[in-house]
Asker: 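Here it is: the structure, laid out below.
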Amino acid sequence: MSTIKLLNIVGARPQIIKSSAISRAIRTGFSDRITGLTVHTGQHYDKELSDVFFDELEIPMPDFNLGVGSARHGRQTAAMIAGIEDVLIEQKPDGVLLYGDTNSTLAGAVAASKQRFPIVHIEAGLRSFNKTMPEEINRIMCDHVSTLLFAPTNAAFKNLMHEGFSPENSPPYTIDNPKIYITGDIMYDNSLYYAEMAERKKAGLLESLEIERNNFVLATIHRDINTDDAGRLERIMSTVKALAEDYRIPFVIPFHPRTMKSLKSGLVSLLADLRKSRYIRIIPPVSYLTMTYLEKNCLMIMTDSGGVQKESHFFRKPCIVLRKETEWIELVTNGTVILADADPALIHQAFEGFVQPDINLDYPGFYGDGKTSEFILREILMLFEN
Ligand code: UD1
Ligand code: UDP
């Protein structure tokens with residue numbers, strides 16, 4: 001039996017976490033048939049956005065680090081494309097694995113498709129229908145040069161069909177004859193795998209933050225629409241402060257460095273007020289196990305993150321999303337995610353609804369059986385072994 005070589009491309013926090021589900025599945029069930037190599041583009045470079053996940057989630061260290069760092073989109077993506085192209089030419093993998101919708105995903109899609117390496121896109125088909133989001137452009141472009149497209153939800157699968165992908169294609173699959181799948185979500189695999197470990201390893205965390213189980217709100221804010229628009233950021237953070245103080249409920253907020261930079265540059269007095277409030281805990285970005293523990297034990301989540309809103313569902317917590325739209329539309333239909341944009345009145349209304357003690361919410365299994373990574377690897381083997 002021959003072994004196939006897959007090149008994983010990661011760069012931003014959520015991709016590193018996603019890749020751990022695939023590397024774990026290779027290690028535990030496919031190591032005799034699949035070799036994984038990893039390129040880290042260097043899009044995220046701070047320890048708490050990158051190294052911490054390799055250490056904690058036992059992900060093999062990247063074989064290549066392009067060290068691209070932060071820059072405007074064009075420059076950043078161009079540097080990644082050049083670096084990935086060099087690795088592809090040197091390594092000649094059988095296929096390239098791309099995750100999600102960041103600039104690292106787009107760079108991998110351009111480099112691999114031009115060099116004619118088949119692309120496997122994990123988290124295909126998600127759409128916000130808002131092309132002012134850089135992620136929307138990245139995901140559309142990546143899907144349209146992929147050979148195997150793994151859509152995590154029914155909605156994502158339907159989006160692909162609307163864009164002309166056919167579920168009827170038969171092998172051999174190529175960039176011109178791609179195969180679309182509906183799978184679950186590899187992040188659900190991760191949450192199931194790490195939930196119990198988080199509970200064990202992070203006991204004591206609540207005491208150190210002076211918060212109580214099921215009596216704090218976990219909030220994250222990092223999307224450019226919120227960080228790069230001082231008006232939106234000001235409205236969101238003032239509303240957080242008002243809710244925390246009116247309801248006397250602590251908010252734990254692990255800030256992405258981007259958000260902290262925006263507060264420090266344009267909203268200094270608001271930042272000082274937030275820091276003074278006895279109900280606000282502003283902390284640096286946390287590790288995945290810490291985040292999992294906080295998600296599992298909070299009362300409610302408030303976020304503009306894609307990954308975190310889904311994790312709210314995995315841990316059966318209501319979630320207020322600080323955007324106008326979401327790619328995970330089934331959560332909104334289900335009533336457990338409310339889109340409140342950066343609108344104080346909508347945020348207040350959603351919060352008031354979710355904080356009711358007799359609230360009855362349902363969390364159906366939208367995201368697979370926790371074995372999506374294995375399914376994906378089996379399908380990849382079929383492509384390359386036939
Ligand atoms: C990126 C993704 C976004 C994803 C997020 C996950 C794109 C276009 N965006 O957004 O989809 O949700 O990652 O967290 O790919 N910075 C640091 N330290 C770092 C990295 C970044 O301080 O290690 C700061 C820099 O000021 C940088 C800014 O964050 O300019 C933005 O970084 P960038 O990688 O461009 O985008 P993210 O906002 O992190
Ligand atoms: N996350 C983390 N620490 C944090 C914030 C988020 O480990 O301080 C994890 C979170 O649990 C989820 C992933 O990062 O698994 C989501 O990444 P992010 O919100 O940065 O990006 P998005 O999903 O919006 O692209």
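Atoms within each ligand, like the ligands themselves, are counted from 1 in listed order.
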Asker: Applying salt bridge (Lys or Arg N to Asp or Glu O under 4.0 Å) between E163 and each of K158, R127, R139, report the one that passes.
Answerer: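 One option only clears the test, and that one is R127.
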Asker: Going by side chain to side chain contact (heavy atoms under 4.5 Å, CB included), I253 matches just one of V240, L274, L218. Which one?
Answerer: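 For I253, the side chain to side chain contact (heavy atoms under 4.5 Å, CB included) test succeeds with only one of V240, L274, L218, which is V240.
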Asker: Tell me whether the guanidinium CZ or amine NZ of K310 lies under 6.0 angstrom from the six-membered ring centre of F314 and within 45° of its axis.
Answerer: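 Checked: cation-pi criterion not met.
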Asker: Give every pair formed by an N or O atom of ligand 1 and a protein N or O atom closer than 3.5 Å, one pair per line with both atom names and the distance to 0.1 Å, or write none.
Answerer:
| from | atom 1 | to | atom 2 | distance (Å) |
| --- | --- | --- | --- | --- |
| ligand 1 | 11 (O) | E135 | OE2 | 2.6 |
| ligand 1 | 12 (O) | H222 | NE2 | 2.8 |
| ligand 1 | 13 (O) | H44 | NE2 | 3.4 |
| ligand 1 | 15 (O) | Q43 | NE2 | 2.8 |
| ligand 1 | 15 (O) | N103 | N | 2.8 |
| ligand 1 | 18 (N) | D46 | OD2 | 2.9 |
| ligand 1 | 22 (O) | K261 | NZ | 2.8 |
| ligand 1 | 23 (O) | Y45 | N | 2.8 |
| ligand 1 | 23 (O) | D46 | N | 2.9 |
| ligand 1 | 26 (O) | K261 | NZ | 3.0 |
| ligand 1 | 34 (O) | Q43 | NE2 | 3.0 |
| ligand 1 | 38 (O) | R258 | NH1 | 2.5 |
| ligand 1 | 39 (O) | H44 | NE2 | 2.6 |
| ligand 1 | 39 (O) | H256 | NE2 | 2.9 |

Asker: For F216 and F251, I'd like to know if the aromatic rings sit close, meaning centre-to-centre distance below 6.0 Å.
Answerer: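 No, they do not, as the ring centres are separated by 6.0 Å or more.
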Asker: Can the ring centres of F366 and H313 be said to be less than 6.0 Å apart?
Answerer: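 Between H313 and F366, which both carry aromatic rings, the centre distance is below 6.0 Å.
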Asker: For ligand 2, would you mind listing the residues that have at least one heavy atom less than 4.0 Å away, ordered by chain and number?
Answerer: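 Residues within 4.0 Å of ligand 2: R13, P14, I17, F53, M187, H222, R223, P254, P285, V286, S287, Y288, M291, E295, S305, G306, G307, V308, E311.
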Asker: Is a side-chain donor or acceptor of N177 paired with a backbone partner of S170 at a separation under 3.5 angstrom?
Answerer: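 Here the side-chain-to-backbone pair exists.
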Asker: So, do F53 and S20 sit near enough that their side-chain heavy atoms are less than 4.5 Å apart?
Answerer: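 No - every pair of side-chain heavy atoms lies 4.5 Å or more apart.
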Asker: Measure from NZ or CZ of R24 to the centre of the six-membered ring of Y193, then state whether that distance is under 6.0 Å and the direction lies within 45° of the axis.
Answerer: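 Yes, R24 lies over the aromatic ring of Y193.
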Asker: Within a strict 4.5 Å, meaning less than it, do heavy atoms of the E210 and R281 side chains meet?
Answerer: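 Side chain of E210 against side chain of R281, heavy atoms only: contact under 4.5 Å found.
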